[in-house]
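Input: a single structure, listed below in structure tokens.
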Amino acid sequence: MPEVGWRKAQELSPGAWAADRNRTGSTRPGQPTRARSPSPPEGAAFRCLSRRAATPPGPSTPCQPRGHRCPRRDRDFILMADSKPLLSLDGDPMAAEALLQDVFGIVVDEVVRKGTSASEKVCEWKEPEELKQLLDLELRGEGESQQQILERCRAVIHYSVKTCHPRFFNQLFSGLDPHALAGRIITESLNTSQYTYEIAPVFVLMEEEVLRKLRALVGWSSGDGVFCPGGSISNMYAVNLARYQRYPDCKQRGLRALPPLALFTSKECHYSIKKGAAFLGLGTDSVRMVKADERGKMIPEDLERQISLAEAEGAVPFLVSATSGTTVLGAFDPLEAIADVCQRHGLWLHVDAAWGGSVLLSQTHRHLLNGIQRADSVAWNPHKLLSAGLQCSALLLRDTSNLLKRCHGSQASYLFQQDKFYDVALDTGDKVVQCGRRVDCLKLWLMWKAQGGQGLERRVDQAFALARYLVEELKKREGFELVMEPEFVNVCFWFVPPSLRGKKGSPDYSERLAKVAPVLKERMVRKGSMMIGYQPHGSCGNFFRMVVANPALTRADMDFLLNELERLGQDL
């Protein structure tokens, strides 16, 4: 700031100083009007705290004793605040808007248009060192031009995997719902935290309505819930709540208040159950793995046996985690029979329906989750089969005693004040372990508003129908072998290359077959034609797990999958 600007600032009161700045836009001739920081507090940076100086000290003025604020430093900060516009576009709304318009244009072109086109690649594979050079990841002292930043944005998208692509079959999520994407853009732009009605009034009310709808689909007329950062955390919450309900002293006294505990889940469960036990201090040894049948379903009789065994060893059973839609095989545990066991032993029943929960929307297929209404808690990820977009994971509770808040609440007085001018029950943030919590309900709400429950039901039914089409086509072709008949949209199969056909009885057949999927995976990724996950499972060597989840899929994509595997593996 020129010296005249400093003198003028001193002549005005802080309020008048701010008003004058807003009128003129700048004390520098020719400087365009732009937004300014709020005016400084009364007297700040304008006079020495010791009142020995009415004006800023000059370069030769000695500093005050230790602990005294030097007004020269205050002036330096004011000078910095009044310097030329930053390269980050702070204070230049027109430039910021232009940048965002350009970025949105790139997103629409590269992600929405090209990223969902079957004629484009799923990925542009590069080796790590080459990719580092192409992206120029180094962070430097000087900023870059807007054109360079736009090029960076386009490069980031170009070299990323297009999970919205109709031939991305790699994960339990895929596809792009435009309404859900619109919701994500809005919540990211608003950048609020879902912990108080004070700063997120729309989303506090919206979350409760969405959770109410999900609970109704489970079969509960009341209850509680919260959106969590992923199904793994939803599962961990359930374990923590079940432990707290049994031993509420553990919130204050920790593990000292607990006897040895035991929880039970199928050997087909998601790995987050063991991770959660470790994270919560229970230890992975507390997780008792219940046997599953040949289709991957928990065996209730073995659950009963494992509970008795744990009790005989001095452990206290407290929770059973059943799975509706296992990660690999897509199996649904028999919930009615498991609920009977839990009822007899007084155990909390949690259902990990992160993958399969959306089947509840389908009148045709919801029987797969019969008995889920008897659960105490349910994890459900609409970002998977419904394509709501990462992340969208709900933990649903049958409890109506405010268990979430009693278990996790800390009553922080600077956030959850009890003398607010509105109903403080709307401040739901104390229900969760997080403080800052992103808004995950809008994308699902907006998509539901657009599609309606009937539209989402058709989306689920279409996935089942395409999975069945793939199975029937796969059976018609030489060189394809099902691991098992699927009951969900996970289609697990081997591709048997020409060199192994007719040699199933040879001693090294299984070993050689297990090497096929990794080779084909590398070829398809390097080519960019599609992505399918593979894994071993039990005694079975590597096989493909095809996930039929993208709502944009058609029969042509199923045909392409089989044709492409034949092309990629014809020389094996």
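Being a predicted model, the structure only gives us computed values, none of them experimental.
Closest heavy-atom contact between Cys492 and Phe543: CB-CE1, 3.6 Å. Nearest approach of Pro300 to Ala337, heavy atoms of both residues: CG-CB, 3.6 Å. Listed here is the closest heavy atom pair of Lys162 and Gly115: CB-O, 3.9 Å. Closest of all the heavy-atom pairs between Arg545 and Thr327 is NH1-O, 2.8 Å. Listed here is the closest heavy atom pair of Ala353 and Ile372: CB-CD1, 4.5 Å.
By the 4.5 Å heavy-atom criterion applied to side chains, Glu336 and Gln373 are counted as neighbours. Annotation: side chain of Asp352 is not in contact with side chain of Thr265 (no heavy-atom distance under 4.5 Å). Put simply, the side chain of Arg243 reaches to within 4.5 Å of the side chain of Cys250, judged on heavy atoms. Annotation: side chain of Arg305 is not in contact with side chain of Val290 (no heavy-atom distance under 4.5 Å). Here the side chains of Arg215 and Val378 are not in contact, with every heavy-atom distance at 4.5 Å or above. Within the 4.5 Å cutoff, side-chain heavy atoms of His537 are placed close to those of Leu329. Contact of the Phe168 side chain with the Met530 side chain is not registered, since no non-hydrogen atoms from C-beta on lie closer than 4.5 Å. For the pair Gln417/Asp427, no side-chain contact is recorded, criterion being any heavy-atom separation below 4.5 Å from C-beta on.
Asn490 and Trp355 form a side-chain donor-acceptor contact under 3.5 Å, judged by distance and modelled atom types alone. Side chains of Ser321 and His350: no donor on one and acceptor on the other come within 3.5 Å. Checking Glu207 against Gln194 by side-chain atom types alone, a donor-acceptor pair falls below 3.5 Å. Arg398 and Ser377 share no donor-acceptor pair across their side chains, judged by distance under 3.5 Å alone. With hydrogens and angles left out, the side-chain atoms of Ser393 and Trp380 include no donor and acceptor closer than 3.5 Å. Donor-acceptor pairing under 3.5 Å is recorded for the side chains of Lys521 and Asn170. A donor-acceptor contact closer than 3.5 angstrom links the side chains of Gln343 and Arg374. With hydrogens and angles left out, the side-chain atoms of Ser362 and Asp461 include a donor and acceptor closer than 3.5 Å. Donor-acceptor pairing under 3.5 Å is recorded for the side chains of Asn240 and His408.
Judged by distance alone, the side chain of Thr323 and the main-chain N or O of Cys269 form no donor-acceptor pair under 3.5 Å. No side-chain donor-acceptor contact under 3.5 Å links Asp423 to the backbone of Leu426. Formation of a donor-acceptor pair under 3.5 Å by the Glu457 side chain with backbone atoms of Gln363 is found in this model. Not one N or O on the side chain of Asp333 forms a donor-acceptor pair closer than 3.5 Å with the backbone of Leu335. Under a 3.5 Å cut-off, the side chain of Thr326 and the backbone N or O of Glu268 do not form any donor-acceptor pair. Distance alone, capped at 3.5 Å, places no donor-acceptor pair between the Arg295 side chain and the Phe332 backbone. Without hydrogens or angle criteria, Asn542 side chain to Tyr534 main chain gives no donor-acceptor distance under 3.5 Å. Panel note: side chain Asn381, backbone Lys384; no donor-acceptor pair is recorded below 3.5 Å. No donor-acceptor pair under 3.5 Å is formed between the side chain of Lys274 and the backbone N or O of Gly283. At least one donor-acceptor pair closer than 3.5 Å links the side chain of Arg459 to the backbone N or O of Leu386.
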Quick one: do Lys126 and Leu134 satisfy side-chain contact (heavy atoms from CB on, under 4.5 Å)? Show the steps, please. CA-CA 9 Å; Lys126 300 294 179 184; Leu134 287 168; 3.9 Å; yes
Taking it one step at a time, do Tyr244 and Leu403 satisfy side-chain contact (heavy atoms from CB on, under 4.5 Å)? CA-CA 9 Å; Tyr244 174 80; Leu403 182 66; 3.6 Å; yes
Kindly indicate, with the supporting measurements, whether the criterion ring pair (Phe, Tyr, Trp, His ring centres under 6.0 Å) is fulfilled by Phe464 and Phe488. CA-CA 7 Å; Phe464 273 89; Phe488 194 21; 5.5 Å; yes
Full working for salt bridge (charged side-chain N to carboxylate O under 4.0 Å, His left out) between Glu487 and Arg468: CA-CA 9 Å; Glu487 65 176 346; Arg468 176 45 47 188; over 6 Å; no
Step-by-step salt bridge (charged side-chain N to carboxylate O under 4.0 Å, His left out) determination, Asp224 to Lys405: CA-CA 10 Å; Asp224 202 352; Lys405 189 171 182 179; over 6 Å; no
Start with the C-alpha gap between Tyr237 and Val433, add the side-chain angles, then the distance that decides, and say whether side-chain contact (heavy atoms from CB on, under 4.5 Å) holds. CA-CA 9 Å; Tyr237 267 50; Val433 175; 3.5 Å; yes
Would you sort out whether Asp177 and Lys443 count as a salt bridge (charged side-chain N to carboxylate O under 4.0 Å, His left out), showing the intermediate values? CA-CA 9 Å; Asp177 182 280; Lys443 51 198 159 193; over 6 Å; no
Given Val239 and Leu282, is the side-chain contact (heavy atoms from CB on, under 4.5 Å) satisfied, shown in steps? CA-CA 10 Å; Val239 174; Leu282 298 171; 3.8 Å; yes
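To the nearest 0.5 angstrom, His165 atom NE2 is 11.0 Å from Lys121 atom NZ. To the nearest 0.5 Å, the span separating CG on Leu205 from SG on Cys441 amounts to 9.5 Å. To the nearest 0.5 Å, the span separating CZ on Arg184 from NE2 on His383 amounts to 10.5 Å. Separating the CH2 atom in Trp125 from the CG atom in Leu131 is a distance of 9.0 Å, to the nearest 0.5 Å. Rounding to the nearest 0.5 angstrom, the gap separating the CZ atom in Phe203 from the CH2 atom in Trp445 is 9.5 Å. Taken from CG in Leu319 to CG in Asp376, the straight-line distance is 8.5 Å, to the nearest 0.5 Å.
Shown here is Asp285, whose CG atom has no more than 12 heavy atoms of other residues, nucleotides or ligands within 6.0 Å. Taking a 6.0 Å sphere around OH of Tyr509, one finds it holds more than 12 heavy atoms contributed by other residues, nucleotides or ligands. Environment of CD in Glu127: crowded, with over 12 heavy atoms of neighbouring residues, nucleotides or ligands closer than 6.0 Å. Heavy-atom contacts from other residues, nucleotides or ligands closer than 6.0 Å to CD of Glu313 number more than 12. Taking a 6.0 Å sphere around NZ of Lys275, one finds it holds 12 or fewer heavy atoms contributed by other residues, nucleotides or ligands. Heavy atoms of other residues, nucleotides or ligands lying less than 6.0 angstrom from NZ of Lys213 number 12 at most.
Screening Leu211, Val432, Val439, Leu395 against Phe227 for a side chain to side chain contact (heavy atoms under 4.5 Å, CB included) leaves a single residue, Leu211.
Taking the six-membered ring where the residue is Trp, the centroids of Phe495 and Phe480 are separated by under 6.0 Å.
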